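What you see is a predicted model; the values in this text were computed from it and never measured.
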Amino acid sequence: MKKLGFIIIRKPFSAHTHLRQGKELADVLPSSNIYGAVVCMGNIQPPVSDFQGVRKYRAEIIRQNPQFLPILTLMLTKDTTAETLKRAREEGIRVVKFMPDAATTNALSGITLPDLEKFYPVIGEIKRLNMIFSGHWELAVDPKTGKEIPYSEREEAALPYFDKLVKAFPNMNIIFEHVSTAAAVEFIKATPANVAATITAHHISKTHKDVFGADGKIIDPHYFCYPVLKKEGDRLAVASAYANPKFFFGPDDAPHPKERKMGDKPAGGIFSPAFIALPTVLEVCEELGLVEHFERFVSLRGPTFYDLQPPPEKESRSRYCRQRRQY
């Protein structure tokens, strides 16, 4: 492994982090302090699905660190209404988060990908309110057979549903979270400018062989996540997309207690704190000769998509947080 020199960038932006709650929140929040701002996913228990939940979760995070800038997300559930969205928008929420039912951790909204079209009237309100629709795009169960789809095929199986959404809502800002396959990368590249995707450190640095043995059994539960790590060709396709302006950094930092990560059925999610994820991304960038894109990928494209002003170089994070707290 080559030894990297220093690189000076503006404060990075995390477009995808799970801060959890309670003691876990207190334990992991310091590892995100390096970011200028953090998009915090609301798949906690109960989910952040209305403006009261937004207020409660924001207060819990700020109590841990008053200078921290959480960009909260509202979870799309079967109970979400136009009024829910309106009240959340008044509370300052800019992002609606969709997780297909049972496709990932705490994804119990009751909405499956095949059912998503039934909620297009509500999603239309997301567009009207100029909010961002951010989704986990995996199809866990084949609607025709009722059988579970293998982990490695779920992202590609979800692409027709994503395509239908993109076509149904032109000009709505849409994010394809933690892209992990070459097929999805090529699909995103062909979409309009209002569609973007996030990339994690683990999907560009590890592969399926790091998690699963030849018999399909999990050999390293610490790298088991949703979507699962893919083949080398997918890794390289995702890593190369790092240079494309439609892709930006979303580490999907998703910690779990150690006991939940062990055994035959580990919890899906990787603890990917900034002090590990950022150097990992930089190493992969050096491997592919893409270091010149590093700052744009981790610091600039995310805030631009979220309509935020990136902090100037060398500006303190506390000053940045005071300026942007309204978001």
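- Exactly one residue among Glu138, Lys230, His203 makes a side-chain hydrogen bond (donor to acceptor under 3.5 Å, both in side chains) with Ser180. That residue is Lys230.
- Looking at Glu125, its side chain never comes within 3.5 Å of a backbone N or O of Thr81 through a donor-acceptor pair.
- Distance check: Ile9 CD1 to Arg296 CZ gives 12.0 Å after rounding to the nearest 0.5 Å.
- Taking the six-membered ring for Trp and thresholds of 30 and 60 degrees, Phe248 and Phe305 have ring planes inclined between 30 and 60 degrees apart.
- The CH2 atom of Trp137 sits 7.0 Å away from atom CD1 of Ile174, with the distance rounded to the nearest 0.5 Å.
- No path of Ile, Leu, Val, Met, Phe, Trp and Tyr side chains, each step under 4.5 Å between heavy atoms, connects Tyr57 with Val28, placing them in separate hydrophobic clusters.
- Side-chain atoms of Glu155 and Thr181 form a donor-acceptor pair, as typed in the model, at a separation below 3.5 Å.
- The ring of Tyr242 has its center no closer than 6.0 angstrom to the ring center of Phe247.
- Applying the salt bridge (charged side-chain N to carboxylate O under 4.0 Å, His left out) test to residues at least two apart or on different chains, none of the pairs has a partner in residues 207-220.
- The CG atom of Leu282 sits 12.0 Å away from atom CD of Glu295, with the distance rounded to the nearest 0.5 Å.
- In summary, Arg87 and Glu91 do not engage in a salt bridge, as defined by a charged side-chain N under 4.0 Å from a carboxylate O.
- Ring geometry for Phe169 against Tyr120 counts as perpendicular: the plane angle is over 60°, on a 0 to 90° scale with 30° as the lower cut.
- In this structure, Phe224 and Tyr151 have perpendicular ring planes: the angle between them is above 60°, well past the 30° mark.
- Lys147 contributes atom NZ, which lies 14.0 Å from atom NZ of Lys144 (distance to the nearest 0.5 angstrom).
- For Thr191 (side chain) and Ile188 (main-chain N/O), a donor-acceptor pair under 3.5 Å exists by modelled atom type.
- With Pro227 as reference, His136 is the one residue of His136, Glu156, Glu177, Glu153 to meet the side-chain contact (heavy atoms from CB on, under 4.5 Å) rule.
- Within a 6.0 Å sphere centred on NZ of Lys127, heavy atoms belonging to other residues, nucleotides or ligands number more than 12.
- Within 6.0 Å of atom CZ in Phe212, more than 12 heavy atoms from other residues, nucleotides or ligands are found, so the atom counts as buried in its surroundings.
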| field | Worked check of side-chain hydrogen bond (donor to acceptor under 3.5 Å, both in side chains) between Asn43 and His18 | value | CA-CA 8 Å; Asn43 59 325; His18 298 269; 3.0 Å; yes

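- Note that CG of Leu85 and CD1 of Ile126 are 5.5 Å apart. Values are rounded to the nearest 0.5 Å.
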